[in-house]
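Report on one structure; see the data block that follows.
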There are 2 protein chains.
Amino acid sequence: MDPVRRPRGRPRKPVLLEPAGLGPRRGLHDQAAERLRALIVAGTLPAGAALVETELSAALGISRTPLREALKLLAVEGLVELRPNRSPRVAELCADAVTELFEAIAAIERAAAELAARRIAPAELERLRRLQTEMEAHHAAGALASYFALNQQIHALIVASARNAYLREAHEALHARAEIARRRALDSRARWDESVAEHRAILAALEARDPERAGRLLADHVGHTGTALLAGLDSTPDAA
Amino acid sequence: MDPVRRPRGRPRKPVLLEPAGLGPRRGLHDQAAERLRALIVAGTLPAGAALVETELSAALGISRTPLREALKLLAVEGLVELRPNRSPRVAELCADAVTELFEAIAAIERAAAELAARRIAPAELERLRRLQTEMEAHHAAGALASYFALNQQIHALIVASARNAYLREAHEALHARAEIARRRALDSRARWDESVAEHRAILAALEARDPERAGRLLADHVGHTGTALLAGLDSTPDAA
DNA sequence: TTTTGGTGCTCTGCATGCAATTCATGCCAA
DNA sequence: TTGGCATGAATTGCATGCAGAGCACCAAAA
């Protein structure tokens, strides 16, 4: 009944999967993909966990066919790793991969910021300001989770303001994987102050509609986040 | 027996699908995805064509299950468009989308060039030089197809030299879609001279290990390619 | 004790069958 | 003639059954 299977037997923490209580949505495979994505990003399904079709399908209350389709989907997104005739596994992220990942995210967000500086609408700028204010409030209150959520919304909004569906798409795919790494990292409260300040500078650059500066600041910000996260990475996430 | 179904009846050109003669490969779904990708990029399956599962599976000599998985795969890659309870369609590319597409490719290739300028290995540089020479030869000989193939190899090699799997991944996904647009464009021989010269300049920047210049040149090059291609786009690709 | 060959089981991969939804055709009424 | 509607076929979506590949465990020999 436990869909999580670690490569070699180890103390398995119970994984809770609601039997399938979700509302009227699109196809089951889509729902399954969404759920699995959430479970993987949240770390409920830890990196390296084997995903056995029969067990997962039973846990999700669906049959193997839509589940397989969902797994293929997540494989393309890079969240799971399929090997022929073997159980798919939740993708691992070694330190090198995290470095590359944030490098790529920085590249995309830089381009997005440059475009956004030219194209962002006043309403979006206003929303960015509100989010920044809110984030600073959560920062001051020490609310880590809320801070992260706001932070993510800000980055997503900047990318959206670039008005480029392909950049946005690429960013989303990479962001999901970054979230995994983020969950595995220890609290990096040390970087809060820095991060908030950097966000303020980025917002200022966007308001000034300075593409070069906005792009550079955002890329640097993501780069810093990556290195900070890398430093705080739990070096022994699953394997002993 | 004809897997191509145009939205409204029109003279359908015959689509040739080999019954399944390929050698020992991975899963059928993978083979199917690869084949369909090739057919879509080549334009054999034109944009907007409805992909009926039973017909396609029969044409490919496989059953519907692996075909469905392949279609989901291509949907994530953005080559086909799935709508619930309707036949999947080959994704369309309107002019705006092409603009955005090349914008995104330019962004990624710029980042890749900047990284490549720092990381490219001497052997890769040597290979780039050879490809450039070869491409110039094909250019001089007026061999359009060979020129395009070489051009693509050069871009792929530059991205590979950046040593970032995520950028490479994003680039590949976008590149497939760009190929579709390229097939729909009229001959842009007018840009040959320009393009070859730009490639020479990019190579020089990489040899000089100048990230900023290499990135800017490559981004501009891609941008020019995009606008040229956009100008030569067949404005009535399928619909009357 | 270590290594090698065998054996059984589990799991994936694929094919097929059935139900639900959608689209098209034709009919009827205004 | 035109608009709306009902009916039918076609197609997707999902579940299940079966064959093949891989892995683990076990036994036997060096």
Side-chain angles (χ1 to χ4, degrees), chain A residues 1-10 12 19-20 22-36 45 48-76 80-91, chain B residues 1-10 12 19-20 22-36 45 48-76 80-91:
Chain A
M1 293 302 283
D2 184 356
V4 175
R5 283 206 183 172
R6 290 194 175 67
R8 314 276 292 181
R10 288 196 68 224
R12 40 177 77 180
L22 267 182
R25 295 278 279 279
R26 292 175 307 199
L28 289 186
H29 52 88
D30 222 350
Q31 295 181 42
E34 196 170 329
R35 285 244 226 136
L36 288 175
L45 291 170
L51 304 172
V52 180
E53 294 182 359
T54 57
E55 301 185 354
L56 257 189
S57 62
L60 292 172
I62 63 179
S63 114
R64 286 176 51 218
T65 305
L67 174 68
R68 282 176 61 82
E69 295 173 354
L71 287 175
K72 296 274 188 309
L73 210 101
L74 297 175
V76 174
V80 310
E81 193 178 342
L82 292 119
R83 291 169 329 185
N85 290 329
R86 270 190 279 298
S87 291
R89 299 161 64 103
V90 177
Chain B
M1 295 301 283
D2 184 356
V4 176
R5 284 208 183 172
R6 290 195 175 68
R8 315 275 292 181
R10 286 197 69 223
R12 41 177 75 180
L22 267 183
R25 297 276 278 280
R26 290 176 307 201
L28 289 185
H29 53 89
D30 221 350
Q31 295 181 41
E34 194 170 330
R35 286 245 226 135
L36 289 175
L45 291 170
L51 304 172
V52 181
E53 295 182 358
T54 56
E55 301 185 353
L56 257 189
S57 60
L60 293 172
I62 63 179
S63 113
R64 286 177 52 219
T65 306
L67 174 67
R68 281 176 61 82
E69 294 174 354
L71 287 174
K72 296 271 187 311
L73 209 102
L74 296 175
V76 174
V80 310
E81 194 178 343
L82 292 124
R83 289 170 330 188
N85 290 328
R86 272 193 278 299
S87 292
R89 299 162 63 103
V90 177

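Note on naming: letters A, B, ... go to the chains in the order of the sequence lines (proteins, then strands), and numbering restarts at 1 for each one.
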With a 4.0 Å cutoff (strictly under), does any side-chain N or O of [X] reach OP1 or OP2 of [N]?
X      : N       : result
R86(A) : dT12(C) : no
T54(A) : dT10(C) : no
T65(A) : dC14(D) : no

**Complete:** Of P84(A) and P66(A), the one whose closest nucleotide on DNA chain D sits nearer the 5' end is P66(A)
Please report, rounded to the nearest Å, how far the [atom2] atom of [N] is from the [atom1] atom of [X].
X      : N       : atom1 : atom2 : value
E69(A) : dA15(D) : CD    : P     : 10 Å
L82(A) : dC14(C) : CG    : P     : 12 Å
L67(B) : dC14(C) : CG    : C1'   : 12 Å
E53(A) : dC14(D) : CD    : C1'   : 15 Å
D30(A) : dT12(D) : CG    : C1'   : 14 Å
L28(A) : dA19(C) : CG    : C1'   : 13 Å
R83(A) : dA21(D) : CZ    : P     : 18 Å
R89(A) : dC11(C) : CZ    : P     : 15 Å

**Prompt:** Has the side chain of R64(A) got a donor or acceptor atom sitting under 3.5 Å from an opposite partner on the base of dG13(C)?
**Reply:** yes
**Message:** Name the residue from V80(B), L67(B), L36(B), L74(B) that meets the side chain to side chain contact (heavy atoms under 4.5 Å, CB included) definition with L51(B).
**Reply:** V80(B)
**Asked** Passes salt bridge (charged side-chain N to carboxylate O under 4.0 Å, His left out), R89(B) versus E81(B)? Steps please.
**Response** CA-CA 5 Å; R89(B) 299 162 63 103; E81(B) 194 178 343; 5.5 Å; no
**Asked** Considering only side-chain heavy atoms of S63(B), which listed nucleotide, dT12(D), dT16(C), dA21(D), is closest?
**Response**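 Ranking dT12(D), dT16(C), dA21(D) by closest atom to the S63(B) side chain puts dT16(C) first.
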**Request:** State which of dT21(C), dC11(C), dT11(D) makes the closest approach to the side chain of V52(A).
**Result:** dC11(C)
**Request:** Taking the side chain as every heavy atom from C-beta outward, state whether Q31(B) and R26(B) have any atom pair closer than 4.5 Å.
**Result:** no
**Request:** State, with a plain yes or no, whether a side-chain heavy atom of K72(A) is found less than 4.5 Å away from one of L82(A).
**Result:**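 Yes; the side chains approach each other to less than 4.5 Å.
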**Item:** Worked verdict on L73(A) versus H29(A) for side chain to side chain contact (heavy atoms under 4.5 Å, CB included)
**Value:** CA-CA 9 Å; L73(A) 210 101; H29(A) 52 88; 5.8 Å; no
